[in-house]
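We use all heavy atoms of the structure for the numbers below, so side chains are in, but hydrogens, waters and symmetry mates are not. As the structure is a computational prediction, the values presented were derived from the model and not from experiment. Position 1 is the first residue of the sequence, and the numbers go up from there.
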Amino acid sequence: MAGLLAALTLAGCSDVSLGPSTQPAERPPATAAADPTAPADATASSRGTAAPPAPTASTDPGPAVAALDRLVVAGRAPLTGYDRDLFGYRAVDANRNGCDTRNDILRRDLVDAVVRADGCVVLSGTLVDPYSGGTIAFERGAATSGAVQVDHVVALADAWQKGAQRWDAATREAFANDPLNLLAVDGTLNAAKGSGDAATWLPPARGSRCAYVARQVAVKQAYALRVTAAERDAIARVLRSCPDEALPPPSPVTPRRATTGAAPTPPPDGSFASCADARAAGAAPLHAGDPGYRRGLDGDGDGIACE
């Protein structure tokens, strides 16, 4: 912790098509509930709420600055093999409540949301945008839905380059549909962010930056994703103004322990002598930027060694 505080000195991802998605069969609207992203045993809501969902953890997750100090710092691997469809965003019902992910988040984040009779699809509402601080009137439609998009706070491409290459399909789907990593935001700002991390993009509303980077830290800690040195320093600069900023609580689908995305531990000399050694350590395949990677192990020069 002392090392991080001494170093403190602001700076992802665009939503997919906002057109109609496949919905469950029509059913009568359900009674109100606090969190529409909760699993199926919770009731659904036909009206939105301005309040955030109730915490799902009984203990204080702790300050973001302490969690940042625990993240693995390493280089960025290449995007080789990346495909957004590998993450299954909106293609699965991760919390098993019968509704797709985008509409779950819209019902959670919009104020005065009007929901279709099926209890899932949001027809209209008002977003108090966390990135700009402005207010956006949302109305569902081919020409209007894009005004409000659902952002992966830690972008899918960023995750791929910092550990997600090693995940199985179930972990990728959980990550892409985890409400902890999703916010309804201004569509224009979401597009501007792209797949940037905190070193390249921060919300224009300075008052939102502490909560934004704390959420990124929470997601990266939960899914054992790495940060680059520049990213770590950018987050640290933001948290200097709010050293007591707490991590947001996990969602019902957030892993309660780290997945297999952490950087492998290289041998003392900094790289593996052979691919056999890398495999024995459970580190293969190695991507450029991973601890233990060296070009001599990458026979075809594609940035992935010991495939």
Side-chain angles (χ1 to χ4, degrees), residues 1-13 51-76 109 129-133 151-156 158-159 161-164 175 178-183 185 189 193 195-251 253-265 289-291:
M1 173 74 73
L4 173 62
L5 293 176
L8 295 177
T9 56
L10 232 154
C13 121
T56 58
S58 59
T59 58
D60 183 356
V65 68
L68 176 62
D69 204 28
R70 294 191 292 268
L71 297 182
V72 173
V73 179
R76 180 191 299 270
D109 291 354
D129 178 42
Y131 289 174
S132 67
D151 178 38
H152 287 94
V153 178
V154 174
L156 303 184
D158 181 69
Q161 294 180 290
K162 297 171 183 176
F175 174 81
D178 189 340
L180 176 66
N181 192 34
L182 297 169
L183 290 175
V185 301
L189 290 177
K193 171 188 171 180
S195 59
D197 59 23
T200 60
W201 192 90
L202 289 169
R206 290 181 177 270
S208 299
R209 290 178 177 180
C210 287
Y212 175 77
V213 299
R215 187 171 293 273
Q216 287 192 323
V217 170
V219 171
K220 294 213 163 186
Q221 175 175 263
Y223 288 90
L225 291 168
R226 306 187 296 273
V227 291
T228 65
E231 178 185 6
R232 186 268 319 275
D233 293 347
I235 293 173
R237 285 193 295 271
V238 173
L239 293 177
R240 182 176 62 178
S241 67
C242 47
D244 296 324
E245 182 76 25
L247 295 176
S251 81
V253 301
T254 305
R256 293 310 192 266
R257 60 186 180 86
T259 63
T260 57
T265 301
D290 285 351

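When atom types are taken as modelled, the side chain of R232 and the backbone of V73 share no donor-acceptor pair closer than 3.5 angstrom. Listed for the T228 side chain is no donor-acceptor partner under 3.5 Å among the backbone atoms of G75.
H152 and L182 get closest at one heavy-atom pair: CD2-CD2, 3.3 Å. Nearest approach of P179 to V253, heavy atoms of both residues: CD-CG2, 3.7 Å. Between V153 and R215, the shortest heavy-atom contact is CG2-CD, 3.7 Å. Contact between S241 and C210 at its shortest, heavy atoms only, is OG-SG, 3.7 Å. Minimum interatomic distance between A214 and P248 (heavy atoms only, all atoms of both residues): O-CD, 3.7 Å.
Rounded to the nearest 0.5 angstrom, L247 CG and Q216 CD are separated by 12.0 Å. Note that CD of Q161 is 9.0 Å distant from CG of D197, once rounded to the nearest 0.5 Å.
In this structure, the side chains of D151 and Y131 come closer than 4.5 Å at one or more pairs of heavy atoms. With a 4.5 Å cut-off on side-chain heavy atoms, S251 and D178 count as touching. At a threshold of 4.5 Å between non-hydrogen side-chain atoms, the residues V227 and V72 do not count as touching. Annotation: side chain of V185 is not in contact with side chain of L189 (no heavy-atom distance under 4.5 Å).
Ion pair E245/R240 not flagged as a salt bridge, since none of the NZ, NE, NH1 or NH2 atoms sits closer than 4.0 Å to an Asp/Glu carboxylate oxygen. In summary, E231 and R226 do not engage in a salt bridge, as defined by a charged side-chain N under 4.0 Å from a carboxylate O. Checked for salt-bridge contact, D158 and R76 meet the test: a charged N lies under 4.0 Å from a carboxylate O.
The aromatic rings of W201 and Y212 sit perpendicular to each other, their planes meeting at more than 60°, with 30° as the lower class boundary.
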> Going through the distances and angles, do L68 and K220 end up as a side chain to side chain contact (heavy atoms under 4.5 Å, CB included)?
Replying inline: CA-CA 9 Å; L68 176 62; K220 294 213 163 186; over 6 Å; no
>> Applying side chain to side chain contact (heavy atoms under 4.5 Å, CB included) to V213 and L202, what does each step give before you reach the verdict?
In response: CA-CA 8 Å; V213 299; L202 289 169; 3.7 Å; yes
> Does the side chain to side chain contact (heavy atoms under 4.5 Å, CB included) test come out yes or no for I235 and L239, once each step is laid out?
Replying inline: CA-CA 6 Å; I235 293 173; L239 293 177; 3.8 Å; yes
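In this model, no donor atom of one side chain and acceptor atom of the other lie less than 3.5 Å apart for Y223 and N181.
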